[in-house]
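Working notes, beginning with the structure itself.
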There are 2 protein chains.
Amino acid sequence: MEQVTLKQIAEYLGISIATVSKALKDYPDVSQKTKALVKAEAERLNYQPNSFAVNLRTKESRTIGLIIPEVVHFFFGNIVRAIITEAEKKGYLVIILQSDDNPELEKKQIDLLISKRVDGIMISLANNTVDTSHLQKVMRLGIPLVMFDKISKLVPCSKIIIDDRKAAYEATKHLIEQGCTKIAHFRGPLLPQNSIDRFLGYKKALEDHGLEYNSKHVFLCDPIIYEKGREHANAVLDEGMDIDGIFANTDMVAIGALSVFNERGIKVPQDLKIIGFSNWFISSAMTPTLSTVDQDGIKMGKKVFKRLFKELQAKKNGQLLPPETIAMPTKVIGRGSSMVSKAALTAKS
Amino acid sequence: MEQVTLKQIAEYLGISIATVSKALKDYPDVSQKTKALVKAEAERLNYQPNSFAVNLRTKESRTIGLIIPEVVHFFFGNIVRAIITEAEKKGYLVIILQSDDNPELEKKQIDLLISKRVDGIMISLANNTVDTSHLQKVMRLGIPLVMFDKISKLVPCSKIIIDDRKAAYEATKHLIEQGCTKIAHFRGPLLPQNSIDRFLGYKKALEDHGLEYNSKHVFLCDPIIYEKGREHANAVLDEGMDIDGIFANTDMVAIGALSVFNERGIKVPQDLKIIGFSNWFISSAMTPTLSTVDQDGIKMGKKVFKRLFKELQAKKNGQLLPPETIAMPTKVIGRGSSMVSKAALTAKS
DNA sequence: TTCATAACCGAAAACGTTTTCGTATTTTCG
DNA sequence: CGAAAATACGAAAACGTTTTCGGTTATGAA
């Protein structure tokens with residue numbers, strides 16, 4: 001029941017604790033013979049170092065913190081999965097906290113992680129986090145910090161993002177290439193950088209292709225949920241707006257809109273084309289299948305941990321790496337909701 | 001940069017470390033005056049106890065482990081969310097590990113958690129975990145253990161589950177009540193208890209209602225994914241099977257089947273009725289909306305943590321609670337995929 | 001005043017590990 | 001053979017906290 005300690009092994013073998021410790025860690029100043037003896041005994045007794053003591057002594061916990069707005073979210077899910085996996089490979093454990101998009105909670109959780117003495121922190125900000133003092137505190141304490149997806153440009157730490165502006169530009173361009181000329185945008189909340197950037201990319205694409213930007217064609221989704229997509233789609237129809245394309249901030253919103261159009265007999269993609277964002281796997285299971293922008297959560301998660309790990313290593317060596325911002329690639333995926341494919345044509349004729 | 005310690009406060013105030021420690025914890029043998037002094041100073045210096053030292057001294061980490069097959073999964077997502085929230089309220093941090101339904105990995109992760117000296121462990125087993133020695137080890141070490149959802153009856157610990165057999169029975173009965181007489185079952189893998197129970201519930205419902213059980217009507221989904229639903233739905237059609245209802249092990253599978261029927265012009269629910277399992281939120285966004293069995297992940301998560309907490313408390317008091325198995329309620333939710341509602345009738349007429 | 005009691009404080013051990021430094025023993029080699 | 005060097009081990013401090021126990025001072029009662 002009780003866990004065995006170095007002391008017990010030492011007493012059993014009649015040698016000192018120090019030697020036992022060193023033997024287990026293959027120090028050069030322990031003879032092969034005693035090493036073998038100690039290791040055998042440790043094995044036999046199923047010795048496991050007491051991590052509390054190790055932590056105290058080495059001042060590191062081999063534990064890192066991760067704060068995200070929502071665990072359930074499919075995109076974060078992939079990121080989480082990747083981070084956990086990568087971290088485990090390097091012997092790190094991940095403590096996950098969910099901010100529920102609540103800046104107050106986010107602050108508390110940062111404090112919690114600091115008090116637990118995590119070695120590093122990864123965070124995707126709550127949508128409406130404006131005060132970054134808690135993050136400044138993390139930096140002040142010298143705790144490596146990596147931000148991803150939802151970032152704040154005010155914090156001088158490393159960041160892993162996608163080029164939202166470019167991705168949105170490409171998505172909008174895709175609709176234009178499919179023949180849309182009056183494109184609405186179901187945008188995300190006003191604050192987080194990526195919903196701003198997606199909006200800007202959308203706007204830029206219109207301008208670059210000689211289409212007029214109309215602020216009435218921009219609908220705010222706050223929060224970014226299924227129902228908002230439905231709401232705005234209904235608004236578009238009820239007000240009889242002249243729209244032939246929609247670029248939605250997120251697949252979730254796009255699917256909400258799609259469900260309304262299906263219900264109200266609007267033919268997608270013939271009457272109206274839609275493209276979402278994030279390539280949620282279920283988007284390929286809709287009828288019609290949903291066009292979207294693919295952002296690889298797994299790859300992103302890997303990158304996030306790898307960056308943090310680099311900074312952890314650097315810190316151990318007494319160095320401090322200059323912050324770095326890395327943009328991950330994205331890709332427009334054209335599907336049934338924006339493309340009148342040959343198959344779709346056949347089915348209709 | 002460096003964290004302040006009791007020693008520093010003590011030196012600054014010219015008193016002993018012991019007194020500082022006791023003052024902060026409101027020991028009765030410290031005067032109000034020094035308590036005030038110490039607290040003010042601690043506040044000013046932003047003192048935070050070094051949890052490594054606290055852990056070592058108190059032999060508890062206020063950290064608990066959670067192992068689940070898949071974080072991304074919406075059902076587990078809800079559970080995770082609930083557990084984290086509840087745990088935080090009681091001052092516990094949650095370390096989440098993902099087993100990827102891999103028993104080997106699961107074993108390793110248990111060891112990892114043990115070596116990190118978590119105070120307790122919650123686990124939903126990998127689908128094909130048969131050897132439970134790693135769990136026995138947890139119990140042998142006296143670490144409180146709570147299993148949920150995917151459990152093993154061989155481990156004498158507390159368990160939080162749903163009554164899968166009853167739920168499946170109700171789901172099948174629902175189809176029968178809607179007029180189905182030839183009901184197929186897209187079942188889950190052979191091993192985990194809940195997919196066995198769902199199958200048994202399905203079978204029992206058939207028998208109780210005078211319908212013949214036909215093993216050809218049972219399709220194995222291993223793993224339980226969207227594609228399996230498609231695959232079997234196609235098989236049903238290709239082989240021209242005489243089927244008028246499907247009870248799927250999971251919404252995911254049901255949605256896969258639904259997409260095939262939509263594509264191939266099978267009218268749901270007129271030609272064929274479907275019911276899924278778990279009430280994945282997207283299931284109400286399908287066309288038609290998907291009937292399902294609601295199992296409340298949030299409630300379950302809460303229950304899981306609360307039970308673990310109870311055992312943690314008991315352990316502190318030197319007690320050992322007898323294991324308890326709690327079944328959470330479920331509810332059949334009839335929607336468009338199994339019910340020809342008035343609205344649907346109108347639309348068709 | 002004196003003694004018992006209460007109130008307050010601190011010394012010190014303990015938790016289990018890591019690591020430095022010193023020392024004792026053995027080996028090497030001129 | 002003797003000195004230098006290599007080898008092997010252990011003592012002890014340190015990490016920062018908690019808690020027991022003993023001691024000192026103040027308080028009150030006799």
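Computed from a predicted model, the values in this text were never measured in an experiment. Below, read A as the first sequence line, B as the second, and so on, with proteins coming before strands; counting in each chain starts at 1.
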Whether B/Lys116 side chain and A/Ser61 backbone form a donor-acceptor pair below 3.5 Å: yes
Atom-to-atom span, CZ of A/Arg62 to C1' of C/dT17 - whole angstrom: 16 Å
Please write out the pairs of protein N or O atoms and N or O atoms of nucleotides 12-16 of chain C separated by less than 3.5 Å, giving the distance to one decimal.
| from | atom 1 | to | atom 2 | distance (Å) |
| --- | --- | --- | --- | --- |
| C/dA14 | N3 | B/Arg57 | NH1 | 3.3 |
| C/dC15 | O3' | B/Lys59 | NZ | 3.3 |
| C/dG16 | OP1 | B/Lys59 | NZ | 3.3 |

Sidechain-backbone polar pair: A/Ser21 side chain, A/Ile17 backbone, donor-acceptor under 3.5 Å: no
Sugar-phosphate only, base, or nothing, as touched by A/Lys22 at under 4.0 Å among non-hydrogen atoms: base
Donor-acceptor pair present, B/Asp29 side chain and C/dC8 base, under 3.5 Å: no
Interatomic distance where CD belongs to A/Glu60 and C1' belongs to C/dT18 [whole Å]: 12 Å
Length of the CG-P vector between B/Leu13 and C/dG10, whole Å: 10 Å
Touch class at under 4.0 angstrom, heavy-atom based, for A/Ser21 against every strand present: base
Any B/Ser16 side-chain nitrogen or oxygen under 4.0 Å from OP1 or OP2 of C/dG10: yes
B/Gln48 CD to D/dT17 C1', straight-line distance once rounded to whole Å: 15 Å
A/Asp26 CG to D/dA8 P, straight-line distance once rounded to whole Å: 13 Å
Donor-acceptor contact below 3.5 Å, side chain A/Ser51 vs main chain A/Val54: no
Step-by-step side-chain contact (heavy atoms from CB on, under 4.5 Å) determination, A/Leu308 to A/Ile64: CA-CA 9 Å; A/Leu308 185 70; A/Ile64 53 182; 3.8 Å; yes
Integer-rounded Å distance: C/dC9 C1' and B/Lys33 NZ: 13 Å
Minimal non-hydrogen separation, A/Leu125 against A/Pro69, with atom names: O-CG, 3.6 Å
Lys/Arg cation over aromatic A/Tyr12: A/Arg44, 6.0 Å, 45° cone: yes
